[in-house]
Amino acid sequence: MNLVFLGPPGAGKGTMAVRVAEHFSIPHISTGDIFRANIKGETELGKKVKAILDAGNLVPDELTIDLVRDRLTKPDAQNGYILDGFPRTIPQADALAGFSTVTKALNFVLVDEEVVKRLSGRRVHPGSGRTYHVLFSPPKVADTDDVTGEPLVIRPDDQEDAIRNRLEVYRKQTEPLIEYYQSKNLLVDIDSSPAPDAVFKTVLNALS
Ligand code: AMP
């Protein structure tokens with residue numbers, strides 16, 4: 001099962017990808033996570049892409065395509081995969097079609113107002129990557145990690161300006177992929193507004 005997860009930032013693609021990956025024992029491949037790990041590790045790639053991610057812009061296609069093409073050759077991806085956050089442009093989708101066959105594209109649908117609410121409330125513990133939400137899953141003590149007691153931060157790309165930019169980038173560059181996969185009869189819309197357990201059920205139904 002070769003899956004692509006589409007949808008605006010904050011629609012819960014990552015949360016669902018973790019659960020679906022576990023359910024079907026296939027890898028969850030998030031290009032955003034790969035870039036963030038490289039930034040944290042201060043690799044050459046990380047240094048190249050840090051400012052791009054901080055502003056909420058897209059990493060150049062060639063770089064991203066090479067990274068995914070390489071990742072999909074790994075043994076764990078031979079029986080299926082979930083691509084979360086890739087493709088994000090038509091050239092990326094065309095490139096993917098050249099080196100793999102997508103089985104289904106799930107489109108996680110959420111209105112802008114809800115996207116902004118979800119992203120602007122997100123808080124992260126930089127050491128562990130643990131995430132909280134000021135409304136939906138607050139830490140025991142405000143702005144403090146439950147486990148270490150260390151301060152939580154707002155991801156640079158979750159700052160208000162960057163959120164607005166990410167949404168604009170999504171509309172312009174990524175939304176055309178909805179039609180792209182629709183025309184290939186691969187698209188399934190998933191309403192992302194309910195609580196995670198309910199969304200997960202919808203996803204499993206869509207994949208059965
Ligand atoms: P995400 O965690 O999927 O929201 O991705 C975080 C950031 O990583 C994005 O705002 C982009 O800067 C970069 N990124 C992730 N996936 C891609 C992609 N497929 N193409 C270009 N940039 C990407």
Side-chain angles (χ1 to χ4, degrees), residues 2-21 27-41 43-72 77 81-100 102 105-110 112 114-124 126 129-131 133 153-178 180-181 190 192:
N2 299 339
L3 303 175
V4 161
F5 280 16
L6 294 174
K13 298 187 296 290
T15 309
M16 285 308 129
V18 169
R19 295 178 69 162
V20 174
H28 164 211
I29 301 169
S30 155
T31 38
D33 282 353
I34 296 172
F35 290 134
R36 279 185 290 275
N38 276 275
I39 291 171
K40 199 169 169 199
T43 67
E44 279 309 307
L45 173 65
K47 284 178 206 161
K48 242 187 241 173
V49 302
K50 184 178 186 318
I52 300 175
L53 263 83
D54 283 357
N57 291 319
L58 292 188
V59 173
D61 280 341
E62 318 80 71
L63 230 167
T64 314
I65 289 166
D66 282 352
L67 195 118
V68 173
R69 187 192 287 116
D70 180 61
R71 179 65 186 82
L72 292 187
Y81 56 75
I82 300 170
L83 284 176
D84 160 17
F86 182 95
R88 255 180 161 96
T89 63
I90 297 281
Q92 290 182 13
D94 281 339
L96 175 62
F99 55 77
S100 189
V102 172
L106 301 193
N107 176 35
F108 292 83
V109 180
L110 196 67
D112 281 5
E114 194 60 27
V115 164
V116 172
K117 197 156 93 187
R118 288 190 186 183
L119 293 180
S120 60
R122 187 154 70 178
R123 300 290 181 273
V124 184
R130 262 186 296 283
T131 57
H133 192 282
V153 302
I154 302 178
R155 254 167 59 172
D157 60 346
D158 283 343
Q159 306 281 351
E160 218 177 301
D161 281 357
I163 291 175
R164 251 194 299 273
N165 188 40
R166 282 161 77 195
L167 271 172
E168 213 175 294
V169 167
Y170 171 75
R171 294 275 169 256
K172 276 201 195 122
Q173 314 225 49
T174 308
E175 219 169 40
L177 292 178
I178 293 175
Y180 179 95
Y181 284 113
I190 305 285
S192 257

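Counting from 1, the numbers follow the sequence of the chain as shown. Counting starts at 1 for both ligands and their atoms, in listed order.
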The side chain to side chain contact (heavy atoms under 4.5 Å, CB included) partners of Lys117 (sequence neighbours excluded) come to Glu114, Leu135, Phe136

Salt bridge present between Arg166 and Asp158 (N-O < 4.0 angstrom):
yes

Suppose we screen for side-chain hydrogen bond (donor to acceptor under 3.5 Å, both in side chains). Which residues come up paired with Gln173, at least two apart in sequence or across chains?
none

Got the residues with a heavy atom under 4.0 Å of ligand 1, by chain and number?
Thr31, Gly32, Phe35, Arg36, Leu53, Asn57, Leu58, Val59, Thr64, Gly85, Phe86, Arg88, Gln92, Arg166

Decide, yes or no, whether a salt bridge links Arg171 with Glu168 under the criterion of side-chain N to carboxylate O below 4.0 Å.
no

Apply the test side chain to side chain contact (heavy atoms under 4.5 Å, CB included) to residues Arg123 and Ile154: give CA-CA distance (whole Å), side-chain angles for both, the deciding distance (0.1 Å), then the verdict.
CA-CA 5 Å; Arg123 300 290 181 273; Ile154 302 178; 3.7 Å; yes

Can you name the residues that form a salt bridge (Lys or Arg N to Asp or Glu O under 4.0 Å) with Lys48, not counting sequence neighbours?
none

